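All remarks here apply to the structure that follows.
These numbers come from a predicted model, not from an experiment.
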Amino acid sequence: MTELLGVLEPLTWESQFFALPSAVVRFRDDAPALTTADFTPWQRVQAKIPAGRADWLDALQKLGFQLVEGEVDLTLAVAHHLRTDAERATEHDIPALRQMAALAFAQSRFRAPWYAPDDSGRFYAQWIENAVKGTFDHECLVFRANSGEIEAFVSLRQLSEDEARIGLLAGRGMGDKLMQAALHWAEQRQLSTLRVATQLGNTAALKRYIASGGTIDATAYWLYR
């Protein structure tokens with residue numbers, strides 16, 4: 001059996017938010033081999049591995065981990081994009097955005113049976129609120145109907161002087177407009193690359209990102225114990 005070399009890193013914010021002592025496996029070649037005893041102090045342990053590492057997948061499952069979901073990471077080159085009518089969200093928009101995010105992301109990797117039934121919605125509602133306030137993600141852009149009601153949103157975070165990442169994106173039938181808004185946001189900041197990830201099973205999102213110029217950069221699996 002393949003030895004898994006790594007350390008456990010506490011997930012302080014998630015532990016507090018979900019009231020569930022949690023850690024994540026950080027794989028390192030210079031670390032000791034992981035054993036079942038390493039996981040005992042934690043009620044939830046997460047691990048993310050490259051999809052091509054079937055040996056790691058087998059080894060984690062033998063240690064009691066279960067497959068939660070697959071993930072696809074894509075990159076998009078930032079070129080010239082026309083200005084859109086997207087607006088920067090304000091704190092006045094937070095209640096509506098929280099409700100939209102809770103409904104849109106109810107079935108994420110934070111779903112039951114690993115977490116409480118409403119935990120996924122709560123997590124992403126807090127994520128989008130933080131984005132509006134500029135913590136974690138740096139900004140939230142919205143599209144509004146003529147009535148002023150929010151129809152769609154996308155949150156964005158600058159990673160470096162060259163790259164940014166889409167955090168959350170939601171709005172039925174608005175995928176193309178949201179991607180154009182995200183790319184224009186990155187262009188304004190003179191960035192070269194925009195990253196985005198989606199669940200392997202979310203074929204609609206995957207097709208949208210590829211149609212917007214995205215190329216698959218990596219695939220991975222999330223597992224929990």
Side-chain angles (χ1 to χ4, degrees), residues 1-75 101-128 136 155 157 165-170 195-210 214-225:
M1 179 177 124
T2 299
E3 275 195 326
L4 295 173
L5 308 181
V7 295
L8 293 181
E9 179 182 305
L11 294 171
T12 305
W13 189 88
E14 289 185 22
S15 296
Q16 294 172 348
F17 184 83
F18 295 118
L20 192 71
S22 302
V24 62
V25 178
R26 299 300 186 197
F27 297 98
R28 290 190 348 213
D29 291 339
D30 61 347
L34 293 165
T35 67
T36 304
D38 294 319
F39 309 126
T40 303
W42 308 100
Q43 292 185 36
R44 180 70 62 245
V45 181
Q46 305 176 11
K48 182 181 180 181
I49 63 171
R53 292 302 304 258
D55 57 334
W56 285 9
L57 177 62
D58 293 342
L60 284 166
Q61 289 177 324
K62 288 177 180 177
L63 287 169
F65 283 78
Q66 293 180 290
L67 181 63
V68 178
E69 70 178 27
E71 182 178 281
V72 183
D73 201 66
L74 302 96
T75 58
L103 292 173
F105 303 104
Q107 289 299 314
S108 75
R109 65 183 180 88
F110 298 107
R111 66 187 184 278
W114 296 280
Y115 293 87
D118 66 340
D119 274 354
S120 183
R122 287 196 311 114
F123 179 84
Y124 288 100
Q126 189 62 54
W127 183 328
I128 202 63
F136 189 62
S155 70
R157 173 164 47 110
R165 177 173 287 280
I166 291 174
L168 303 181
L169 181 150
R195 296 185 173 276
V196 64
T198 188
Q199 294 167 312
L200 187 60
N202 191 345
T203 54
L206 189 55
K207 288 178 182 178
R208 165 46 52 204
Y209 299 147
I210 292 173
T215 58
I216 295 175
D217 187 53
T219 55
Y221 292 127
W222 280 99
L223 298 96
Y224 290 164
R225 184 185 192 276

Quiz item: Do E71 and K48 meet the salt-bridge criterion of a basic N to acidic O distance under 4.0 Å?
Solution: yes

Quiz item: Can D73 and R165 be counted as an ion pair, charged N to O under 4.0 angstrom?
Solution: yes

How long is the straight-line distance from [atom2] of [Y] back to [atom1] of [X], given to the nearest 0.5 Å?
| X | Y | atom1 | atom2 | answer |
| --- | --- | --- | --- | --- |
| S108 | D119 | OG | CG | 9.5 Å |
| I128 | F136 | CD1 | CZ | 11.5 Å |
| K207 | N202 | NZ | CG | 11.0 Å |
| E9 | Q46 | CD | CD | 10.5 Å |
| I216 | Y209 | CD1 | OH | 13.0 Å |
| I49 | L57 | CD1 | CG | 5.0 Å |

Considering only heavy atoms from C-beta outward, does the side chain of [X] approach that of [Y] to under 4.5 Å?
| X | Y | result |
| --- | --- | --- |
| L74 | L206 | yes |
| R44 | E14 | no |
| W127 | S155 | yes |
| L169 | V196 | no |
| L223 | Q61 | yes |
| F123 | Y115 | no |
| Q43 | F18 | no |
| R122 | F17 | yes |

Quiz item: Hey, mind stepping through L60 and R53 against side chain to side chain contact (heavy atoms under 4.5 Å, CB included) and telling me if it holds?
Solution: CA-CA 11 Å; L60 284 166; R53 292 302 304 258; over 6 Å; no

Looking only at heavy atoms, what is the nearest atom pair of [X] and [Y], with distance?
| X | Y | value |
| --- | --- | --- |
| A104 | A170 | CB-CB, 3.9 Å |
| L63 | R225 | O-NE, 2.7 Å |
| R111 | A106 | CB-O, 4.3 Å |
| V7 | A31 | CG1-CB, 4.0 Å |
| S15 | S22 | OG-N, 2.9 Å |

Quiz item: Hey, what's the ring geometry for F105 with Y124, parallel, tilted or perpendicular (30° and 60° as the breaks)?
Solution: tilted

Exercise. Under the side chain to side chain contact (heavy atoms under 4.5 Å, CB included) rule, what do L8 and V25 come out as? Steps first, then yes or no, please.
Key: CA-CA 5 Å; L8 293 181; V25 178; 3.6 Å; yes

Quiz prompt | Counterpart residues, ring pair (Phe, Tyr, Trp, His ring centres under 6.0 Å), relative to W222 (two or more places apart) | solution = none

Practice problem: Apply ring pair (Phe, Tyr, Trp, His ring centres under 6.0 Å) to W114 and list each qualifying residue two or more places apart in sequence or on a separate chain. | Solution: Y224

Self-check item: Whether over 12 other heavy atoms sit under 6.0 Å from Y221 OH
Solution: no

Quiz item: Centres of the F65 and F39 rings: under 6.0 Å?
Solution: yes

Practice problem: For D38 and T35, indicate whether the former's side chain and the latter's backbone hold a donor-acceptor pair under 3.5 Å. | Solution: yes

